[in-house]
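One is the number of the first residue; the rest follow in order along the sequence. Just so it is clear, the model here is predicted, and its values are computed rather than measured.
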Amino acid sequence: RKGAGKHIGVLDLTSIHSLTDSILLEYVIPSVKFSMQRLSLKNCRQLTRKGVSELKKLVYLQALDLGGCCNVSPHDVIALSRELKSLQELHVSGLGW
């Protein structure tokens, strides 16, 4: 439903193993890009650089957990962190080193 998530500020998608880049790009990010402040994608193991790089569209994001996202590299996270000007917390244990 269009606009259904426009007021969501905190979203925990921890261990949603079926969450893919395409779902993130098509449904999650467009729905919450102007409201999301805290997001957990911990152990979402199908996510890759493609999906994670688009998190830069979450302009008010203050806290992000990408721990256990084994298809995401430290370089991907560093690039993203430079784009997210509001980011204050970043959790990344267990990345695909």
Side-chain angles (χ1 to χ4, degrees):
R1 193 167 119 196
K2 189 174 182 177
K6 68 180 184 178
H7 299 292
I8 295 174
V10 177
L11 185 59
D12 186 344
L13 298 173
T14 297
S15 296
I16 306 288
H17 299 296
S18 59
L19 183 64
T20 62
D21 291 335
S22 60
I23 292 170
L24 189 68
L25 298 174
E26 189 172 339
Y27 298 103
V28 178
I29 293 174
S31 297
V32 299
K33 66 180 172 183
F34 297 115
S35 62
M36 185 59 51
Q37 296 175 353
R38 301 180 69 83
L39 177 61
S40 177
L41 298 172
K42 185 176 185 175
N43 294 320
C44 293
R45 298 186 175 168
Q46 291 194 53
L47 294 181
T48 68
R49 169 187 298 158
K50 179 181 177 184
V52 169
S53 68
E54 291 301 307
L55 294 175
K56 66 186 174 199
K57 294 178 179 174
L58 303 177
V59 295
Y60 298 110
L61 193 64
Q62 296 174 7
L64 177 61
D65 190 342
L66 293 171
C69 293
C70 55
N71 291 310
V72 177
S73 77
H75 299 289
D76 302 331
V77 173
I78 291 167
L80 175 64
S81 68
R82 290 181 177 146
E83 298 281 339
L84 292 170
K85 304 301 181 198
S86 297
L87 194 65
Q88 297 173 12
E89 292 179 43
L90 181 59
H91 304 273
V92 293
S93 63
L95 289 181
W97 300 98

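Panel note: side chain Gln88, backbone Ala63; no donor-acceptor pair is recorded below 3.5 Å. Within the 3.5 Å criterion, the main-chain N or O of Arg82 finds a donor-acceptor partner in the side chain of Lys85.
In terms of heavy atoms, Leu90 sits closest to Val77 at CD2-CG1, 3.5 Å. Scanning both residues, Leu19 and Leu24, for their nearest heavy atoms gives CD1-N, 4.3 Å.
Ser15 pairs by the side chain to side chain donor-acceptor pair (under 3.5 Å) definition with nothing, not counting sequence neighbours. Not counting sequence neighbours, the partners of Ser22 by the side-chain contact (heavy atoms from CB on, under 4.5 Å) test are Thr20. Residues passing the side-chain contact (heavy atoms from CB on, under 4.5 Å) test with Glu54, sequence neighbours excluded: Leu25, Ile29, Lys56, Lys57.
The closest side-chain heavy-atom distance from Val32 to Leu39 is not below 4.5 Å. Side-chain atoms of Val28 and Leu11, non-hydrogen and from C-beta on, do get closer than 4.5 Å to each other. Considering only heavy atoms from C-beta on, Met36 comes within 4.5 Å of Ile8 through its side chain. With a 4.5 Å cut-off on side-chain heavy atoms, Val52 and Leu41 do not count as touching.
With rounding to the nearest 0.5 Å, the separation of CG in Leu95 from SG in Cys69 is 7.0 Å. Remark: Leu55 CG to Ser81 OG distance equals 12.0 Å, nearest 0.5 Å. Taken to the nearest 0.5 Å, the CD atom of Gln46 stands 9.5 Å off from the SG atom of Cys70. Here the CG atom belonging to Leu80 is positioned 6.5 Å from the CG atom belonging to Leu64, to the nearest 0.5 angstrom.
Applying the salt bridge (Lys or Arg N to Asp or Glu O under 4.0 Å) test to pairs two or more places apart or on separate chains, none has a residue in residues 9-28. Counting only residues at least two apart or in different chains, salt bridge (Lys or Arg N to Asp or Glu O under 4.0 Å) contacts with residues 33-49 comprise Arg38-Glu89, Arg49-Asp76.
By the 4.5 Å side-chain criterion applied to Ile, Leu, Val, Met, Phe, Trp and Tyr, Val59 is assigned to a cluster that also includes Phe34, Tyr60.
At a threshold of 4.5 Å between side-chain heavy atoms, the hydrophobic network of Ile, Leu, Val, Met, Phe, Trp and Tyr places Leu13 and Tyr27 in one connected group.
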